[in-house]
Number of protein chains: 2
Amino acid sequence: MKKKADVIERCDCVMIHEDTIERVRKNMPPEETLYDLAELFKVFGDSTRVRILWALDESEMCVCDIAALLNTTQSAVSHQLRYLKQAKLVKNRREGKTVYYSLADEHVKQIFDQGLDHILEDGK
Amino acid sequence: MKKKADVIERCDCVMIHEDTIERVRKNMPPEETLYDLAELFKVFGDSTRVRILWALDESEMCVCDIAALLNTTQSAVSHQLRYLKQAKLVKNRREGKTVYYSLADEHVKQIFDQGLDHILEDGK
DNA sequence: TGAACACATGAGCAACTATTCATATGTTCG
DNA sequence: CGAACATATGAATAGTTGCTCATGTGTTCA
């Protein structure tokens, strides 16, 4: 018994639109997909990383160049580049002592553009 | 004198590709725009908010419904909805005691789709 | 081989954030 | 009005994160 309680669990109010909830639930992607999606956007949710990605969209660059461009430290950039590489958004190649980074994904600019649309549209 | 040092500032290595840096710098949007862009993506960078937005893309819903659907508390949802409203991604209307939330921006689904492209493409 | 340089990385810390808990606000209805 | 209910919100907290500092790794060149 108390099956309803099992379903509702942590919602502390009466179910109002059970039909809506069920319908929406059926159309939702699996939990894991939405989690991965949030993880991806988390990568874009830091201005240092956004600036790095934007810079790399303009040109392949080495770590030192990026640090100089963004006026930050080599270490900070390197840490973020590792993060971006894990997210498969950048790739790199070594040429002597220098390591050149570039974008690994052609969606980056498109994602930026969608975001800019939102920012510019409502004047905020 | 020491003009170069003023430009380089925090970069602890020798400038290798000054021409590249200057060229990229010229094509970068203003710092503030990139900051706002990161702030926007930060909103998408949490799975609770992603799930709320996805749900609202399917249907207008009240706070209680969303909490039940996501199996979380009314309070947590309410806090996130306020955040989403500040980001101008959702809007609401009151009908008696109930407050219905819906998407305020038609880019949300497009941004999600771009993100999904990235996730699904490289098998990760 | 060893100094110099570009880059990577681990530890530590300060700042931020998402949730919980308690309580306040706003609405309906008897 | 006052009880009941849906929602909002402030404070506190546990977890996360981005940077710094120190140091390690990999490469070149004399």
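Given the structure is predicted, the values throughout are model-derived calculations rather than measurements. Here is how names work: the chains are called A, B, and so on, in the same order as the sequence lines, proteins then strands, and each is numbered from 1.
Whole-Å rounding puts the B:N92 CG to D:dT9 P distance at 10 Å. Atom-to-atom, CZ of A:R82 to P of C:dT9 comes out at 5 Å; the value is rounded to the nearest Å. The interatomic distance linking B:I66 (CD1) with C:dT19 (P) rounds to 13 Å, in whole Å. In this entry the distance linking CG of B:L84 with C1' of C:dA18 reads 13 Å, nearest Å. A:K91 has its NZ atom 18 Å from the P atom of C:dC7, to the nearest Å. Counting to the nearest Å, the P atom of C:dC7 and the NE2 atom of A:H79 are 15 Å from each other. To the nearest angstrom, P of C:dA15 lies 16 Å from CG of A:D46. Rounded to whole Å, atom P of C:dT27 lies 15 Å from atom OH of B:Y100.
At a threshold of 4.5 Å between non-hydrogen side-chain atoms, the residues B:T33 and A:I119 do not count as touching.
A distance of 9.0 Å separates CE of B:M61 from NE2 of A:H17, quoted to the nearest 0.5 Å. With rounding to the nearest 0.5 angstrom, the CZ atom of B:R49 is 8.5 Å from the CD1 atom of B:I52.
A donor-acceptor contact under 3.5 Å is formed by the side chain of A:S75 with the base of C:dT9. Counting distance only, with no hydrogens placed and no angle test, the side-chain atoms of A:Q74 and the base atoms of C:dA8 include a donor-acceptor pair under 3.5 Å.
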Table of protein N/O atoms under 3.5 Å from nucleotides 26-30 of chain D N/O atoms:
none

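Note: A:H118 and B:F41 fail the aromatic proximity criterion, with ring centroids not under 6.0 Å apart. Ring-centre distance between A:F112 and A:F44: below the 6.0 Å cut-off.
Looking only at distances, no side-chain donor or acceptor of A:R51 sits under 3.5 Å from a matching main-chain atom of B:Y35. Within the 3.5 Å criterion, the main-chain N or O of B:Y100 finds no donor-acceptor partner in the side chain of B:R93.
Using a 4.0 Å heavy-atom cutoff across all strands shown, B:K85 reaches no nucleic acid atom at all. Residue contacts shown for A:T98 are limited to sugar-phosphate atoms, with no base heavy atom under 4.0 Å away.
When the side-chain nitrogen and oxygen atoms of B:Y101 are compared with OP1 and OP2 of D:dA8, one or more of them lie within a distance under 4.0 Å. At D:dC19, none of the side-chain N or O atoms of A:T72 fall inside 4.0 Å of OP1 or OP2 (strictly under the cut-off). Listed pair A:Q80 / D:dC19 meets the phosphate criterion, a side-chain N or O lying under 4.0 Å from OP1 or OP2.
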